[in-house]
Enquirer: 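Provided herewith is a single structure, encoded as structure tokens, for subsequent inquiry.
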Amino acid sequence: MKKKTAMSRALVRRETIAGYMFMLPSLFFFLVFVIYPMFMCIFTSLFDSNMGRNTVDQFIGFANYVELAHDPIFLGAMKNTLVIVLVSVPTVCAFSLWVASAIYDMKPALTSAFRVIFYLPVVTGSVAVTVVWKWMYNNYYGIFNYLLKGAGVIDKNINWLGDPRFALWCIIIILFTTSVGQPIVLYVSALNNVDQSLVEAAAVDGATRFQIFWKIKWPQIMPTTLYILVITTINSFQCFALIQLLTSGGPNHSTDTVMYYIYYTAFKLYRYGYGNAMGVVLMITIAILSAVQFKLGQSSN
Amino acid sequence: MKKCLSLLLAAALALGLTTAATPVRTMADDVNITLWTYPIGNWGNAETVDGLIKGFEEANPGIKVTVEYLDYTNGDDQVNTALEGNAAPDLIMEGPERLVANWGAKGYMVDLADLWDDTDKAEVNAAVQSACFNAEGACYEYPVCMTAHCMAVNLQRFQAAGADQYLNLETRTWSTEDFINAVAALYAAKGDTVATIYCGGQGGDQGTRALINNLYGGTYTDPEHTKYTADSEENVKAIQLLYDMEGIVFDPSIVAGDEINLFRQGILDMSFCWNAAQQNNNANNDPGLTNDGDEIVFMAFPTESGDPRLQGGIWGFGVFDNGDAAKIDASKAFIKYFADGEGTDDAVLASGFFAVRDTAEGNDLSGIYADNAIMSEFTKIMPFLGDYYQVTPGWAEARTAWWNMLQRVGAGGVVADEVAVFVEEANAAAAK
């Protein structure tokens, strides 16, 4: 018996070592490209760090964080970011679920065609997508102004990306079109995996279509929903390329997001420490929101 | 057996990694240098640059040059990232505002003062020379070419609106009042945007600065290039005038490149970001014509005094201090060849601008555009070249603050207040 236990322990140890060895390459990249930069980000945020071969970083404690709390541009950027998250996340989830529900039980070829159509903006380069949208939004020859003027809705061109009233919403629309592809594909797959015997049993018992969805399908696709909520939230928080390519945060900082303002502070104003402090705040915000989403998802389950 | 095989594989992998990490040299004595260039005329065109590099490598057999191309939207970020990652190129081609006032001031550039002998000092345009040296006498850019930035108008549109009477095509000058009347006439004829104060980013911001400074004789910095003075009464008056003019729009959705495209497409009647290379551009039509065939006329910026001060453009080479003496020497040989040697005429022609000197090591450069009517005509406005203030400390930050200020004015901000904020931000950067 004693001999058997010793053998089991040896086997467990061997498997554990093998497991760690398999993890080692990923762990190496995770440590070098995620943990180390994260540590450096937190560390540098405590310094007045600027560009320059001969400059010496000055330790300033939490002064960057105190400044952030009083920086109207940062607070505006945070507000814009939250607007993007609060608008995009529910609309992307709801729209994706609606589309997926409509197409998942169609003929396979038709379902695939719809999946391709909705997934196309995801696989198309963000620069190409942005350039096309920029043409459509153009103040002077854009198709939106052309159509709205032709229909008599407006009599003067609207500077979509140059007017603070419209610019952020224009970006949210583009973000929406590039964000729905993956959730639709995931929802189609999740809906196809719903236990059909339960659906049929509920139908036999007289459940309505809404009841079947809400009581049978929704709980079964909850893990997918949770995943979609988390990735859409993170993507929305990290909205950067669209801002840089379309508005550079303008007009008058009305489309600044935290991600763009980090770039602006670090690369245009060369204030690395201050930019890193923003990065830390963003990281904490995303972590808290993701934890809340997980918690809510778990309690729903 | 398995262990032996594993050891062998591991050894092979380690050897492979070691080999890959070793720098590759084409020949034992070759020095490989890297040039990063902004799109300065055809210095952004791989075909042209390949030809230039081939000539250099033939004349300097021990040096190999690799070229990478930057753009004005992301180029600075690429260079800054490379500098922070200790991966900067050996050579870079751009203007003193970046090489001297930014990277040079931050300690990243090699002092090129040893490339200047008395003949060079006598040959190179004095204003250009001064822009390439810092206050301590270190040279961070060896200049190759220069131009005067100006504006351009669509002649047929002006004629149709009766506004051509305000243009002096002989001297290429006009007064502030002429400009006001011309915009009014064009707007009356068209009922739509005549020109834009583009402020979506820093690209081509020399145009908006020069327009504003010239209208009532304002200045951007003090003559010593130590502080920003754009909050002067003259500048405030000029910005207010532009904001109040029907037909002029402060547009935060475009930068200069977009404005030039809109002008070429005939959507706008004026461009505030023009120079000799733009006038010679034949991408969509013959040089000097819009896409629809209207004649493009370049003009100095309007002034009250009749004495325009145009913003200069200077381009040349700088060397990043990467700590490799052989590469620094090879880079200097490259500079000597293209800025003061047998390749200078080709380098200047590729840029589409004017040479900063009349001769380079005995080669006459004064006639390189003898058969180009547009360039000959363009020399008319070269005497209007004004102060090269782009070397003022904090320049990079000041540029960002400038277009943000224009956006705030365009959004209805009080001009005097917004310009004061700009000057405060820019001077804070200059004082660092």
Side-chain angles (χ1 to χ4, degrees), chain A residues 21 25 37 40 44 48-56 72-73 127 131 133-135 137-142 145 149 155-167 170-171 241 243-256 263-272 275, chain B residues 73-74 76-81 83-84 86 88 102-109 191-193 196 198-203 249-255 258-259 261-262 265-268 320-321 394 396-401 403-413 418 425 428-429 432:
Chain A
M21 292 304 282
M40 284 306 294
T44 315
D48 180 18
S49 174
N50 297 288
M51 188 185 186
R53 179 164 277 176
N54 304 320
T55 57
V56 179
I73 301 175
V127 174
V131 166
W133 277 100
K134 199 171 181 178
W135 283 341
Y137 282 135
N138 192 286
N139 179 21
Y140 304 92
Y141 52 76
N145 278 331
K149 254 176 140 176
D155 53 359
K156 210 174 168 190
N157 281 357
I158 293 175
N159 195 348
W160 298 103
L161 295 171
D163 188 325
R165 291 171 300 169
F166 304 111
C170 291
I171 284 164
I243 309 286
Q244 198 210 8
L245 293 165
L246 287 173
T247 62
S248 299
N252 196 17
H253 294 286
S254 64
T255 57
D256 269 343
Y263 158 82
Y264 179 88
T265 308
F267 286 91
K268 300 292 178 200
L269 306 180
Y270 307 118
R271 295 190 63 196
Y272 300 146
Chain B
T73 307
N74 300 306
D76 292 356
D77 299 344
Q78 284 173 259
V79 176
N80 291 336
T81 309
L83 284 169
E84 291 297 343
N86 292 323
N102 192 9
W103 299 315
K106 289 184 168 71
Y108 291 108
M109 309 296 293
D192 208 339
T193 308
T196 65
Y198 48 86
C199 47
Q202 69 180 36
V249 171
F250 282 61
D251 193 339
S253 71
I254 60 171
V255 291
D258 304 312
E259 187 240 23
N261 286 336
L262 292 168
Q265 290 161 5
I267 293 168
L268 299 176
F320 282 112
D321 186 359
E397 294 92 328
R399 289 187 83 178
T400 301
W403 56 264
N404 275 299
M405 180 274 290
L406 292 176
Q407 288 192 351
R408 293 196 299 273
V409 170
E418 301 304 346
E425 288 175 356
K432 273 183 192 168

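Numbered from 1 within each chain, the chains take letters A, B, ... in sequence-line order.
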Enquirer: So for Tyr137(A), is it side chain, backbone, both, or neither that comes closer than 4.5 Å to the heavy atoms of chain B?
Expert: neither
Enquirer: Where is the tightest heavy-atom contact between Glu397(B) and Lys268(A), given as atom of each residue plus distance?
Expert: CG-O, 4.0 Å
Enquirer: Heavy-atom cut-off 4.5 Å, strictly under: side chain, backbone, both or neither for Asp258(B) against chain A?
Expert: side chain
Enquirer: Considering only heavy atoms and a distance below 4.5 Å, find which of Ala105(B), Gly200(B), Gly107(B), Gly413(B) pairs most often with chain A.
Expert: Gly107(B)
Enquirer: For the CG atom of Asn80(B) and the OH atom of Tyr272(A), what is their distance to the nearest 0.5 Å?
Expert: 5.5 Å
Enquirer: Rounded to the nearest 0.5 Å, how far apart are CZ of Phe267(A) and OG1 of Thr81(B)?
Expert: 4.0 Å
Enquirer: For Leu406(B), is it the side chain, the backbone, both, or neither that has a heavy atom closer than 4.5 Å to a heavy atom of chain A?
Expert: neither
Enquirer: Any idea which heavy atoms bring Pro251(A) and Pro252(B) closest together, and the distance?
Expert: CB-CG, 3.5 Å
Enquirer: Side chain from CB out, backbone as N, CA, C, O: work out which of these in Thr247(A) comes under 4.5 Å of a heavy atom of chain B, or both, or neither.
Expert: backbone
Enquirer: As an exercise, state the distance from CH2 of Trp103(B) to CZ of Arg53(A), rounded to the nearest 0.5 Å.
Expert: 13.5 Å
Enquirer: Kindly give the heavy-atom pair with the smallest separation between His253(A) and Gln407(B), and that separation in Å.
Expert: N-OE1, 4.3 Å
Enquirer: So which residue, Asp321(B), Val255(B), Ile254(B), ends up with the most heavy-atom pairs under 4.5 Å with chain A?
Expert: Asp321(B)
Enquirer: Are any non-hydrogen side-chain atoms of Gln244(A) and Asp77(B) less than 4.5 angstrom apart?
Expert: yes
Enquirer: Using the rule given for side-chain contact (heavy atoms from CB on, under 4.5 Å), can you reason through Tyr108(B) versus Met51(A), listing the C-alpha separation, both sets of side-chain angles and the distance that settles it, and then say yes or no?
Expert: CA-CA 10 Å; Tyr108(B) 291 108; Met51(A) 188 185 186; 3.9 Å; yes
Enquirer: Taking side chain as everything from C-beta outward and backbone as N, CA, C, O, which of these in Lys134(A) sits under 4.5 Å from a heavy atom of chain B? Side chain, backbone, both or neither.
Expert: side chain
Enquirer: I'd like to know which of Leu268(B), Asn102(B), Asp192(B) tops the heavy-atom pair count under 4.5 Å against chain A.
Expert: Asn102(B)
Enquirer: Could you walk me through whether Ser253(B) and Asn139(A) pass the side chain to side chain donor-acceptor pair (under 3.5 Å) test, one step at a time?
Expert: CA-CA 8 Å; Ser253(B) 71; Asn139(A) 179 21; 5.2 Å; no
Enquirer: Among Thr193(B), Thr196(B), Asp251(B), find the residue that satisfies the side-chain hydrogen bond (donor to acceptor under 3.5 Å, both in side chains) test when tested with Tyr140(A).
Expert: Asp251(B)
